[in-house]
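Below is one structure; the comments refer to it alone.
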Amino acid sequence: MRIATWNVNSVSARLPRLSAWLESARPDVVCLQELKCSAEAFPAEEISALGYESLVNGDGRWNGVAVLSRVGLSDTVLGLPEGPLFDGGDESRAAAATCGGVRVWSVYVPNGREVGHPHYAYKLEWLEALRRTAQKEAPGPMPYAILGDYNIAPTDDDVYDRSAFEGSTHVTEPERAALKALRDVGLTDVLPRPLKYDHPFTYWDYRQLCFPKNRGMRIDLVYGNAPFSAAVRDAYVDREERKGKGASDHAPVVVDLEL
DNA sequence: ATGCCTTAACGTTTAAGA
């Protein structure tokens, strides 16, 4: 089984590239983030024409996640159980489904904006709610994984230059501690291989030639339980999708499993 | 071999992204 996660930065703007990629990579299951559209506006027909069912959690202008599957889509959940609100709103940041015998979550962890900003506290609360959910769900024999845009670089090796992130979100100790707490419920970071250069970065800012200069970050992660991790045969970052006109600022992370 | 930011929205700019 091939399973992938990709922050598409608007599913509407990315539809041509997403469609072409689904046809060429032929993943069985895809977790999408940053749909930037409502559930009603999601291009389910175009996706369906390629053989995929869609589970969509979308609230409009920002956020939004989906699970696409061509191996079944059942026991669906929309939203993070007992997740925090931000500014009184319930943002669309999580969706879960069982696809072909694998339980998956597609998550878009809050950005945090600035250290000390209310969104940063919300980010940490959101991660704690995710940890509580994973603590209940990860144990057991079924392969289980939380895939998505975590908006955290787990280690200093996961950013192109640690000094460029002094005082920034995404690299702080509390964020990394929240990730470790999540792993401690029994999840392993499935490290993808890069197709070029030394670090499997998954995100490069659109500005200042960051992609050509490989000024990237690894913030799109796959956290799998023991049965999931044991089934991994390969994992890689498809940097080809970051190239050219009409690219997202994130590349897909692709995981091949032998179940 | 990659190209100097992109997206959606009550738009003539703003907020958000990370």
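Values in this document were obtained by computation on a predicted structure and should not be read as measured data. The chains referred to below are lettered A, B, ... by the order of the sequence lines, with proteins before strands, and numbering in each begins at 1.
- Screening His117(A), Glu91(A), Arg113(A) for a side-chain hydrogen bond (donor to acceptor under 3.5 Å, both in side chains) with Tyr122(A), the sole residue that qualifies is Glu91(A).
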Its contact letters, B for base, S for sugar-phosphate only and - for none at protein heavy atoms under 4.0 Å, make nucleotides 10-18 of chain B read ----BBSBB

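- Nucleotides dA18(B) and dC5(B) are separated by 13 Å at their C1' atoms, to the nearest Å.
- Applying the side chain to side chain contact (heavy atoms under 4.5 Å, CB included) test between Leu68(A) and each of Ser48(A), Cys31(A), Ser54(A) identifies Ser54(A) as the sole match.
- dA16(B) and dG11(B) have their C1' atoms separated by 15 Å, given to the nearest Å.
- Only the C1' atoms considered, dC10(B) is 15 Å distant from dA15(B), to the nearest whole Å.
- Within the 4.0 angstrom heavy-atom criterion, no nucleotide atom of any strand lies near Arg215(A).
- Between Arg242(A) atom CZ and dC4(B) atom C1' there is a gap of 12 Å when expressed in whole angstrom units.
- Taking atom P on both dG3(B) and dT7(B), the two are 14 Å apart, rounded to the nearest angstrom.
- As rounded to the nearest Å, dT12(B) and dA8(B) have C1' atoms that lie 15 Å from one another.
- Hydrophobic clustering, with ILVMFWY side chains joined whenever heavy atoms are under 4.5 angstrom apart, groups Tyr144(A) together with Leu179(A).
- Whole-Å rounding puts the Lys245(A) NZ to dT6(B) C1' distance at 11 Å.
- Note on Arg193(A) versus Asp234(A): salt bridge recorded, some NZ/NE/NH1/NH2 to OD/OE distance being below 4.0 Å.
- The stretch residues 193-201 of chain A does not touch DNA chain B, since none of its heavy atoms comes less than 4.0 Å from the strand.
- Computed from coordinates, the Leu35(A) CG to dA8(B) C1' distance equals 14 Å when rounded to whole Å.
- Applying salt bridge (charged side-chain N to carboxylate O under 4.0 Å, His left out) to Arg218(A) and the options Asp158(A), Asp198(A), Asp157(A) leaves one that passes, Asp158(A).
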Tabulate below the donor-acceptor pairs under 3.5 Å that side-chain atoms of residues 251-259 of chain A make, not counting sequence neighbours, or state none.
residue	atom	partner	partner atom	Å
Asp256(A)	OD1	Arg2(A)	NE	2.7
Asp256(A)	OD2	Arg2(A)	NH2	3.0
Glu258(A)	OE1	Arg233(A)	NE	3.4

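- Looking at Asn9(A), its side chain never comes within 3.5 Å of a backbone N or O of Asp249(A) through a donor-acceptor pair.
- Ionic pairing of Arg131(A) and Glu128(A) is present here: one or more N-O contacts between side-chain nitrogen and carboxylate oxygen are shorter than 4.0 angstrom.
- Using a 4.5 Å cut-off on side-chain heavy atoms (C-beta onward), Ile146(A) and Leu182(A) make contact.
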